Undergrad: 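My questions all concern the structure below.
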Number of protein chains: 2
Amino acid sequence: MAAAARRDVFQAIADPVRREILGLIAFEPMNLNAIAEKFDISRPAISNHIKILSECGMVSITQQGRERYCEAKLDPLGEVNQWIDQYSQFWSRRFDSLNSYINKVQHQNKQK
Amino acid sequence: MAAAARRDVFQAIADPVRREILGLIAFEPMNLNAIAEKFDISRPAISNHIKILSECGMVSITQQGRERYCEAKLDPLGEVNQWIDQYSQFWSRRFDSLNSYINKVQHQNKQK
DNA sequence: ATAATATGTAATCATTTGATTACGCAATTA
DNA sequence: TAATTGCGTAATCAAATGATTACATATTAT
């Protein structure tokens, strides 16, 4: 594949396959072959997606014998969230769900 | 430019120029030339970015005479936020600030 | 009517992206 | 030791992306 250029979180999560991969390994690490089996594309293609994800700090890889366990590191999503947050007044959902959560907590407190 | 293919919010905000454009017109609509003047790239290039943003519902355009006023529509960011939210337990910042906010609310309630 | 302005669009181009097949190599198993 | 397994990597390719210049068109100003 050609040389890498831009490599940031926004770019990383732009690809739907990479988002799926993150979803797969968010809760339990998997080795590369196990991940590749879940997709219709070739193992090397998955290997490259993992490489991209690890290059921007979203996947950490632990070698165990001949297997490489891939674990999602989702902290970089904070950067995306921060960027989005500055516009939160302009879109409703997140703010609504935060409000409803706050209201629930407040309600629970009043009942105490 | 080549034919359009994928066209979703994740893709739209992957480009740093498009994120800047959204930041520019989030608070006040601007016409296309005014936007283009803020960047080093050509007007047609900006025109295309605007087109992409409008195709995924992130910019609405109002024709006024020969000018086209571009206004940011940031609701689609809710989709991104929702996707991120499901992993919020895995990255600290947003969750911390939510927790501190919750704590503050709870504290206020206790004092009542 | 003519010039200037605001913009879209087409042709073109270099680069990046995402994928494939073929191959190589270290670790494991038989 | 020989076969199998789990990968990385190189060569290659089609398509997408982001940008440019040149041109067309409608609106507004002179």
Side-chain angles (χ1 to χ4, degrees), chain A residues 1-25 28-72, chain B residues 1-25 28-72:
Chain A
M1 182 168 286
R6 236 184 306 135
R7 198 120 299 178
D8 58 83
V9 201
F10 290 93
Q11 187 70 17
I13 66 170
D15 188 278
V17 172
R18 286 197 287 271
R19 288 201 298 280
E20 268 196 78
I21 291 177
L22 289 175
L24 256 180
I25 61 178
E28 53 157 355
M30 294 172 76
N31 67 13
L32 209 137
N33 271 352
I35 297 170
E37 276 168 18
K38 301 279 187 175
F39 295 87
D40 285 335
I41 59 180
S42 69
R43 185 188 49 75
I46 296 293
S47 180
N48 191 52
H49 281 306
I50 294 286
K51 192 180 180 185
I52 289 170
L53 286 168
S54 80
E55 276 172 8
C56 72
M58 303 206 64
V59 162
S60 79
I61 299 165
T62 309
Q63 187 96 27
Q64 262 179 42
R66 63 187 160 187
E67 295 175 60
R68 310 186 82 197
Y69 279 88
C70 306
E71 186 186 355
Chain B
M1 185 171 284
R6 237 184 307 135
R7 198 121 297 177
D8 58 82
V9 201
F10 289 93
Q11 187 70 16
I13 67 171
D15 187 279
V17 172
R18 285 196 287 270
R19 288 200 300 279
E20 268 196 78
I21 291 177
L22 289 175
L24 256 179
I25 62 178
E28 52 157 356
M30 293 172 76
N31 66 14
L32 207 137
N33 270 353
I35 296 170
E37 276 168 18
K38 301 279 189 178
F39 295 87
D40 285 336
I41 60 180
S42 69
R43 185 187 50 74
I46 296 294
S47 180
N48 192 52
H49 281 306
I50 295 284
K51 192 179 179 185
I52 290 170
L53 287 169
S54 81
E55 274 172 11
C56 72
M58 302 206 65
V59 162
S60 78
I61 299 166
T62 309
Q63 188 97 28
Q64 264 178 40
R66 62 187 159 187
E67 294 174 59
R68 310 186 81 197
Y69 279 88
C70 306
E71 187 185 354

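None of these values were measured; they are calculated from a predicted model. Naming convention: chains lettered A, B, ... in sequence-line order (proteins, then strands); numbering from 1 in each chain.
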Undergrad: Take the protein atom NZ of Lys51(A) and the nucleotide atom P of dT16(C), then report the distance between them rounded to whole Å.
TA: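 Distance check: Lys51(A) NZ to dT16(C) P gives 15 Å.
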
Undergrad: Does OP1 or OP2 of dT17(D) have a side-chain N or O of His49(B) closer than 4.0 Å?
TA: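 His49(B) to dT17(D) OP1/OP2: no side-chain N or O under 4.0 Å.
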
Undergrad: How many Å lie between CD on Glu37(B) and P on dT5(C), as a whole number?
TA: 12 Å

Undergrad: Over how many whole Å does the gap from Ile52(A) atom CD1 to dA19(C) atom C1' extend?
TA: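 It works out to 11 Å between those atoms.
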
Undergrad: Want to settle it: does Gln64(A) or Asp40(A) sit nearer the 5' end of DNA chain C, counting the closest nucleotide to each?
TA: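 Here Asp40(A) is the residue nearer the 5' end.
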
Undergrad: Would you say Arg18(A) places a side-chain N or O within less than 4.0 Å of OP1 or OP2 belonging to dG18(C)?
TA: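 Answer yes for this pair, as a side-chain N or O of Arg18(A) is under 4.0 Å from OP1 or OP2.
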
Undergrad: Within the side chain of Glu20(A), is there an N or O that forms a donor-acceptor pair under 3.5 Å with the backbone of Leu22(A)?
TA: no

Undergrad: Say whether, by atom type as modelled, one donor and one acceptor occur between the side chain of Arg18(B) and the main chain of His49(B) under 3.5 angstrom.
TA: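 Not a single qualifying donor-acceptor pair exists.
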
Undergrad: If you only use heavy atoms from C-beta on, which nucleotide in dC7(D), dT20(C), dT27(D) is closest to the side chain of Arg66(B)?
TA: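 Closest nucleotide to the Arg66(B) side chain: dT27(D).
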
Undergrad: Any idea which of dT21(D), dT7(C), dG8(D) is nearest the Pro44(B) side chain?
TA: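 Per side-chain heavy atoms of Pro44(B), the pick is dT21(D).
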
Undergrad: Looking at the side chain of Glu67(B), which of dT7(C), dT20(C), dT17(C) is the nearest nucleotide?
TA: dT7(C)

Undergrad: OP1 or OP2 of dG18(C) sitting under 4.0 Å from any side-chain N/O of Arg43(A)?
TA: no

Undergrad: To the nearest Å, give me how far apart CG (Asn48(B)) and C1' (dA6(C)) are.
TA: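 From Asn48(B) CG to dA6(C) C1': 17 Å.
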
Undergrad: Answer yes or no: does a side-chain N or O of Ser47(B) lie under 4.0 Å from OP1 or OP2 of dT7(C)?
TA: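 Result: no.
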
Undergrad: Closest approach to the side chain of Leu32(B), judged atom by atom: which nucleotide of dG8(C), dC23(C), dT28(C) is it?
TA: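 Nearest listed nucleotide: dG8(C).
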
Undergrad: For Gln63(B) and dA6(C), what is the distance between atoms CD and P respectively, to the nearest whole Å?
TA: 13 Å

Undergrad: Rounding to a whole Å, what distance do you find between Ile35(A):CD1 and dG6(D):C1'?
TA: 12 Å

Undergrad: Whole-Å distance between dG18(C) P and Glu55(A) CD?
TA: 12 Å

Undergrad: Judged by atom type as modelled, is there a donor-acceptor pair below 3.5 Å linking the side chain of Arg19(A) to the main-chain atoms of Ile13(A)?
TA: yes

Undergrad: Between dT17(C) atom P and Asp8(A) atom CG, what is the distance in whole Å?
TA: 10 Å

Undergrad: Among dG18(D), dC7(D), dA19(C), which is the nearest nucleotide to the side chain of Asn33(A)?
TA: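 Nearest to the side chain of Asn33(A) among the choices is dC7(D).
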
Undergrad: On the nucleotide dT17(C), are OP1 or OP2 found under 4.0 Å from the side-chain N or O atoms that Gln11(A) carries?
TA: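 So the side chain of Gln11(A) is within the cut-off, an N or O lying under 4.0 Å from OP1 or OP2 of dT17(C).
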
Undergrad: For Glu67(B) and Tyr69(B), does a side-chain donor sit closer than 3.5 Å to a side-chain acceptor?
TA: yes

Undergrad: So do the side chains of Asp8(B) and Cys56(B) get within less than 4.5 Å of each other, counting heavy atoms only?
TA: no

Undergrad: Can you tell me if the side-chain N/O atoms of Ser42(A) get under 4.0 Å from OP1 or OP2 in dA19(C)?
TA: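 No, no such contact exists.
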
